[in-house]
> 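Below is the structure I would like to discuss, written out as structure tokens.
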Amino acid sequence: MSKIAGVIEKGWKAITKSLRDFPLETLLGVTYFAVFILERGVREALGRSDIFYLFFWFFPQYVLLFTLHKLSGKHLVFRLLYCLSWFLWIPLLLWGAESQGWSLGIAYIIALILLILGQEPLDNESYGRHILDTALSVAKGFLIGFLLMGIVTAIIASISFLFNLNLDDNWFSHPNAFIAFNIIPLLCCAFVTNDKPRDNWRRISQIVIDYILSPALVIYAVILYVYIARIIIRWELPNGGVAYIVAGFMTVGLACHLFRLLVEKRHFEWFYKAFPVVAIAPLILLWIGIFRRVGEYGLTEPRVYLICLALLLTIFTAMLARERSRNFQLMTLIMAAALILITFIPGIRAKDLERISQRDRISDPDVTSTLPTLSKDITWIIDDIDEPIELGEYTLLVPSSNYHYYEDSERAVFYKDDSRSEELLSCEIREALDSPDNDTARKLVYKNENYLAVFNAIIDTKTDPSMSFTAAGVTLFRKP
């Protein structure tokens with residue numbers, strides 16, 4: 001009993017210490033957990049069905065709060081920002097927090113960058129070790145948290161089974177949500193803050209960097225140079241998609257350039273010393289691919305991020321060429337700043353640049369003359385085009401996930417919510433399937449003044465009266 005009491009006492013001390021060390025982080029986790037429990041009531045009170053998307057923003061906000069907390073001891077400004085950043089969940093809740101693909105994804109990347117950035121200037125080898133130490137500390141927190149989730153779920157399931165209880169899903173979801181919003185983040189914070197630096201990365205770095213990734217990079221470089229020689233001999237432009245391939249090669253190359261410093265026996269040091277020179281031709285290929293893609297199809301949100309990545313890779317490669325500027329921590333900081341600028345600053349956001357570019361393309365008669373017309377309510381689109389299909393004014397639409405989808409034997413209908421009180425768009429699918437043109441159809445598009453729906457696949461099942469048709473890959477777009 002004394003040993004059990006000792007374990008409980010140590011656990012309680014660890015919990016109270018975490019509460020003292022991370023007060024606003026704890027409060028944020030409790031707040032999200034409370035919203036999770038009261039989701040249905042909050043949804044009805046605000047009259048919206050998109051409350052669930054708030055939870056997707058928990059990780060970025062929590063990391064921002066934790067980062068500012070670590071910096072709060074350095075200056076009063078950081079302490080004030082630490083307090084203010086806790087309130088970010090309120091506008092997300094009141095004005096909507098959609099799972100906006102690129103914005104949310106970039107927010108997660110920025111959060112990861114903030115997590116590994118470090119508080120003090122570090123040399124490259126120390127910075128590489130710091131990144132791996134942080135990754136291990138976070139992994140430990142998630143491992144313990146997932147183990148705890150499994151134990152809690154098993155206990156509740158066992159009680160339900162043994163005593164023949166008909167427990168609803170809340171008995172499982174609420175405890176696991178508490179662990180996800182409170183226990184796991186606090187464990188990660190404690191491990192990242194208190195774990196001592198480890199020196200057990202050299203062996204795994206030797207295997208991964210020196211025996212796997214480095215040879216692969218050399219092979220990849222040879223392939224790229226052979227491709228460059230081929231297009232020079234044939235005197236042709238590179239395929240626009242090669243930009244993504246080169247971007248991946250350069251990104252992995254820069255990462256390996258840093259983590260190779262943790263390797264004792266560096267068999268490919270000759271390659272990394274020559275990397276700034278080796279990278280010149282692939283970088284040129286990258287920019288040619290980008291210019292070709294943008295010149296033919298204009299800017300889209302993914303292409304804006306690709307251009308940003310290409311610019312960063314070019315700057316970082318130039319920084320590698322000089323010993324004095326070879327600072328990977330500074331590179332990480334520059335990357336975070338660039339992503340923040342093109343994701344969250346109005347006017348230069350990727351979404352805004354896409355809107356401006358596509359608006360200019362729509363006003364260009366050379367472009368609009370080649371666009372398919374959408375003069376009718378129903379338009380068939382052939383599915384053998386690699387590029388995004390131009391849809392006139394509808395290139396300015398953004399995906400919407402806040403709707404209730406309904407099918408009957410004749411049509412598909414998009415409603416505002418599951419009450420079906422407000423119809424957004426009605427699509428007469430059966431009428432389209434009976435059209436004589438459906439033998440060449442691959443995608444079906446419907447539109448009205450505010451919404452456009454794309455059905456990637458329609459399976460005609462009119463032989464089955466209960467179904468009539470089956471739709472797959474349905475996307476609803478709305479005007480921004």
> Atom CD1 in Ile144, atom CD1 in Ile179: separation rounded to 0.5 Å?
12.0 Å

> Check whether any side-chain heavy atom of Phe275 sits under 4.5 Å from a side-chain heavy atom of His257, and report yes or no.
yes

> In Å and rounded to the nearest 0.5 Å, what is the OG1 to CG distance from Thr67 to Leu115?
6.5 Å

> Do Arg349 and Thr343 have side chains that get closer than 4.5 Å, going by heavy atoms?
no

> Leu217 and Phe271: side chain to side chain contact (heavy atoms under 4.5 Å, CB included), yes or no, with the steps?
CA-CA 9 Å; Leu217 281 171; Phe271 176 75; 4.0 Å; yes

> Got Leu283 and Thr317 here, is their nearest side-chain heavy-atom distance under 4.5 Å?
yes

> Under 6.0 Å between the ring centres of Phe328 and Tyr127?
no

> Does any non-hydrogen side-chain atom of Tyr227 lie less than 4.5 Å from one of Ile232?
no

> For the residue pair Phe55 and Phe181, is the inter-centroid distance of their aromatic rings smaller than 6.0 Å?
yes

> I need the Leu286 CG to Phe291 CZ distance, nearest 0.5 Å.
9.5 Å

> Supply the atom-to-atom distance Tyr82 OH to Leu68 CG, rounded to the nearest 0.5 angstrom.
9.0 Å

> Are Asp210 and Arg260 close enough that some pair of their side-chain heavy atoms sits under 4.5 Å apart?
no

> For side chain to side chain contact (heavy atoms under 4.5 Å, CB included), just list the numbers for Met149 and Ile184, CA-CA rounded to whole Å, side-chain angles, deciding distance to a tenth of an Å, and then say yes or no.
CA-CA 10 Å; Met149 282 183 175; Ile184 292 178; 4.1 Å; yes

> For Val278 and Ala221, which heavy atoms make the closest approach, and how far apart are they?
CG1-CB, 4.3 Å

> What pair of heavy atoms forms the shortest contact from Ala107 to Phe344, and how long is it?
CB-CZ, 3.9 Å

> For Tyr272, check side chain to side chain donor-acceptor pair (under 3.5 Å) against everything at least two apart and list the hits.
Ser214

> In Å and rounded to the nearest 0.5 Å, what is the CG to CG distance from Leu258 to Leu132?
8.0 Å

> Treating Thr193 as the side-chain partner and Ala190 as the backbone partner, does any N or O pair qualify as donor plus acceptor under 3.5 Å?
no

> To check you understand the geometry: which heavy-atom pair defines the closest contact between Tyr62 and Pro185, and what is its length?
CZ-CB, 3.2 Å

> Is any side-chain heavy atom of Leu425 closer than 4.5 Å to a side-chain heavy atom of Val413?
no

> Less than 4.5 Å apart, side chain to side chain, heavy atoms only: is that true for Ile109 and Ile106?
yes

> For the pair Ser325 (side chain) and Arg322 (backbone), establish whether a donor and an acceptor sit closer than 3.5 Å, ignoring hydrogens and angles.
yes

> Work out which heavy atom in Trp287 is nearest to a heavy atom in Leu311; give both atom names and the distance.
CZ2-N, 3.6 Å

> Show your reasoning for whether side chain to side chain contact (heavy atoms under 4.5 Å, CB included) applies to Thr332 and Ile131.
CA-CA 11 Å; Thr332 308; Ile131 292 175; 5.6 Å; no

> Ignoring hydrogens and angles, tell me if any N or O in the side chain of Gln61 forms a donor-acceptor pair with the backbone of Trp86 under 3.5 Å.
yes

> Taking the six-membered ring for Trp, are the ring centroids of Phe146 and Phe142 within less than 6.0 Å of each other?
yes

> Restricting to non-hydrogen atoms, name the atom on Cys189 and the atom on Phe66 that form the minimum distance, rounded to 0.1 Å.
SG-CD1, 3.6 Å

> Kindly give the heavy-atom pair with the smallest separation between Leu313 and Met250, and that separation in Å.
CD1-CB, 3.6 Å

> Show the numbers, then the answer: is there a side chain to side chain contact (heavy atoms under 4.5 Å, CB included) between Met331 and Ile315?
CA-CA 9 Å; Met331 293 180 192; Ile315 294 172; over 6 Å; no

> Would you list the pairs meeting salt bridge (Lys or Arg N to Asp or Glu O under 4.0 Å) in which at least one residue belongs to residues 326-344, sequence neighbours left out?
Glu323-Arg326

> Roughly how far apart are Leu339 CG and Ile334 CD1, rounded to 0.5 Å?
12.0 Å

> Given side chains that start at C-beta, do those of Leu64 and Ile110 come closer than 4.5 Å, heavy atoms only?
no

